[in-house]
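Basis for what follows: all heavy atoms, side chains included, without hydrogens, waters or symmetry-related copies. Naming convention: chains lettered A, B, ... in sequence-line order (proteins, then strands); numbering from 1 in each chain.
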Protein chains: 2
Amino acid sequence: MASPGTDHAAVGASGLAAYAHEVLAVVLSVREGRLCVLLWRRERAPESGRWSLPGGGVAPDQRLREAISTHLAAKVDVRNVSWLEQVATHSRVDRDPRERVLATGYLALVPVDVVPVLPADTEWFDVADLPATAFDHHHFVEAATDRLRAKLSYTNIGFALAPREFTMPVMRDLVSAALGHPVSTTNLTRVMTRRGMVEPTGGTAAPGPHGGRPATVYRFRERTLTVTDPYAVLKPPD
Amino acid sequence: MASPGTDHAAVGASGLAAYAHEVLAVVLSVREGRLCVLLWRRERAPESGRWSLPGGGVAPDQRLREAISTHLAAKVDVRNVSWLEQVATHSRVDRDPRERVLATGYLALVPVDVVPVLPADTEWFDVADLPATAFDHHHFVEAATDRLRAKLSYTNIGFALAPREFTMPVMRDLVSAALGHPVSTTNLTRVMTRRGMVEPTGGTAAPGPHGGRPATVYRFRERTLTVTDPYAVLKPPD
DNA sequence: TCAAAAGTGTTCGGTGTACACCCATGC
DNA sequence: GCATGGGTGTACACCGAACACTTTTGA
């Protein structure tokens, strides 16, 4: 057993001190045109009533990635998670008042067209208008959001936010929600096609109630992460 | 105490399982025109004789960053480290045969002109020609190297590899060693000045023994990490 | 005067942005 | 026909790569 209440860390066969470890997921998705994060309301102390990230402990036979998948399953169907990536490990000594807990945060993405059934204590929150969060969870949200925004620019990570098939106006709304600023459909189309990220399915989408030209339907060529804009500068010679 | 020899993880006041945790540093620097990593030879089992990354445990009152600084001090003077950044946490269950150990890796940089006095068991190794490393340490080296290479393209992180004042031919050698492919001085100069990363000091460097035009001496304008090529695409409108 | 090394000028292709204009639909 | 919304074409600025050419030094 560890020694709660003492300031001696447990020491095992490796001679290294042991610390409680948790995994936290920053689940991001575009909901109603806004980039949102999934938070649940803590029932018990500490920080009871505060909104916090889904997550929890790590079983002895689990890797961190397996652990976060397990905990995510309690909030959203894991099959709905289109992307999962480690972001950072935080270690402030008093980040949890009970004992020292290290926390590894993950970025998880859910496509717009997937509407997971959420437990009663769980809600989506606009990342631009977060409530007070428990512990240091807002730092994780910030880091994960930054990571997503950066990757939207130089990878095809958009596949994890979009439906399997989509029109460019839909994609434009997704990207502009994620980035938090308007994006032009014209140029988004050009960039995504020029980079070979997407291809037309051949179909078109029916126009809205007020008419308009039917939009071309696209799909992502790859549904695994690909760097589409490798390095802007200092490329190797051919 | 933790329970070595049992498969039950210790559980403390938070109700979370505890695991031994170590920090590892991938210290990179350009030595003799090559990007090198600092490794030390393990004296004791497990993996005795194998080359491994500097690092070690985390004291109860230390954050991970403080811990890695402490362990680095045993190998290189911490004042020689011009950059330190967390890269990733690995968690394979059997990555250490003795007991489960989680490991958080850091990227550390040392400028070329700094020649730390190394302990007898410690040497620089070309990252392109690594020896067999202990545990999963080569994964950390790979991730840290990738991180450095990426950041060389869109940030001013070069300041952490270069001397305070340098000429463009020197910088070209550093960048091309770090990236592992030739880089043109002409274009490197253009990119770095165009982005406002560097400024001439006003001085020039004496030519080599065979003559040649004296090179202009530059310094980095900022010695803190700055993103110089913010996002190649999908910029916010003005 | 010549070789060596650094720096400058110029050209070229590509890329992201802006904006005008054209196309397909519902009413 | 007209409003609505989507797509295409064009122009522009800028950037990085390549390469020819000039400048400044040592021998």
Side-chain angles (χ1 to χ4, degrees), chain A residues 33 150 152-156 158 165-176 179 181-218 227-238, chain B residues 150 152-155 158 165-176 179 181-218 227-238:
Chain A
L152 273 174
S153 170
Y154 67 92
T155 73
N156 66 344
E165 305 200 332
F166 55 90
T167 64
M168 277 302 168
V170 166
M171 194 69 209
R172 186 237 312 135
D173 289 344
L174 291 179
V175 173
S176 91
L179 293 181
H181 65 73
V183 167
S184 122
T185 326
T186 301
N187 297 329
L188 182 65
T189 309
R190 189 121 44 199
V191 168
M192 297 188 76
T193 52
R194 190 140 69 181
R195 289 185 174 180
M197 287 169 60
V198 295
E199 60 191 1
T201 62
T204 53
H210 307 294
R213 181 171 168 175
T216 310
V217 176
Y218 290 87
V227 174
T228 54
D229 187 22
Y231 13 0
V233 76
L234 310 174
K235 290 196 187 100
D238 302 322
Chain B
L152 273 174
S153 170
Y154 67 92
T155 72
E165 305 199 332
F166 55 90
T167 64
M168 278 300 167
V170 166
M171 194 68 210
R172 186 236 314 133
D173 290 342
L174 291 179
V175 173
S176 89
L179 294 182
H181 64 75
V183 167
S184 121
T185 326
T186 301
N187 297 328
L188 182 65
T189 310
R190 193 125 36 200
V191 168
M192 297 187 76
T193 52
R194 192 141 66 183
R195 292 185 171 179
M197 285 168 62
V198 295
E199 61 191 2
T201 62
T204 54
H210 307 295
R213 179 167 168 176
T216 311
V217 176
Y218 291 87
V227 174
T228 53
D229 188 20
Y231 14 173
V233 74
L234 311 175
K235 292 196 187 101
D238 302 323

Item to check | Value in whole Å for how far the C1' atom of dC23(C) lies from CZ of Arg213(A) | outcome: 4 Å
Checklist entry - To the side chain of Arg190(A), which of dT24(D), dT10(D), dC19(D) is closest? => result dT10(D)
Checklist entry - Which heavy atom in Val217(B) sits nearest to a heavy atom in Ala205(B), and how many Å separate them? => result CG2-N, 3.7 Å
Checklist entry - Met192(B) has an atom CE; how far is it from atom P of dA17(D), in whole Å? => result 13 Å
Next on the checklist: Please report the interatomic distance OG1(Thr155(B)) to CE(Met197(B)), rounded to the nearest 0.5 Å.
Outcome noted: 7.0 Å
Item to check | Atom pair OG1/CZ of Thr228(B) and Arg194(B) - distance to nearest 0.5 Å | outcome: 12.5 Å
Item to check | Arg195(B) CZ to dC15(D) P, straight-line distance once rounded to whole Å | outcome: 9 Å
Checklist entry - Any side-chain heavy atom of Glu199(B) sitting closer than 4.5 Å to one from Thr201(B)? => result no
Checklist entry - Which nucleotide, dG7(C), dT17(C), dG6(D), lies nearest any side-chain atom of Pro169(A)? => result dG6(D)
Item to check | Nucleotide nearest His210(B) (side chain, heavy atoms from C-beta), chosen from dC19(D), dA4(C), dT17(C) | outcome: dA4(C)
Checklist entry - Where do Arg195(A) and Asn156(A) land on the side-chain contact (heavy atoms from CB on, under 4.5 Å) test, with the steps shown first? => result CA-CA 9 Å; Arg195(A) 289 185 174 180; Asn156(A) 66 344; over 6 Å; no
Checklist outcome for this item: Between CG of Leu188(A) and P of dT15(C) the distance, given in whole Å, is 16 Å
Checklist entry - Could you give the CZ-to-P distance, from Arg172(B) to dA17(D), as a whole number of Å? => result 15 Å
Checklist outcome for this item: Asn187(B) CG to dG9(C) P, in whole Å, measures 15 Å
Next on the checklist: Any side-chain N or O of Thr216(B) below 4.0 angstrom from OP1/OP2 of dG7(C)?
Outcome noted: yes
Protein N or O to nucleotides 11-14 of chain C N or O, pairs below 3.5 Å:
none

Checklist entry - Closer to the 5' end of DNA chain D via nearest nucleotide, is it Pro214(B) or Val217(A)? => result Val217(A)
Item to check | Tyr218(A) OH - dG6(D) P separation (whole Å) | outcome: 13 Å
Checklist entry - Where is the tightest heavy-atom contact between Thr185(A) and Pro169(A), given as atom of each residue plus distance? => result CG2-N, 3.9 Å
Checklist entry - What nucleotide among dT24(D), dA18(C), dA24(C) has an atom nearest to a side-chain atom of Thr186(A)? => result dA18(C)
Next on the checklist: I need the full list of salt bridge (charged side-chain N to carboxylate O under 4.0 Å, His left out) pairs touching residues 200-215 of chain B, with sequence neighbours left out, sorted by first then second residue.
Outcome noted: none
Checklist entry - For residues 198-209 of chain B, which residues have at least one heavy atom under 4.0 Å from DNA chain D? => result Pro207(B), Pro209(B)
Item to check | Any donor-acceptor pair under 3.5 Å from Thr193(A) side chain to Arg190(A) backbone | outcome: yes
Checklist entry - Going through the distances and angles, do Met168(B) and Val198(B) end up as a side-chain contact (heavy atoms from CB on, under 4.5 Å)? => result CA-CA 10 Å; Met168(B) 278 300 167; Val198(B) 295; 3.8 Å; yes
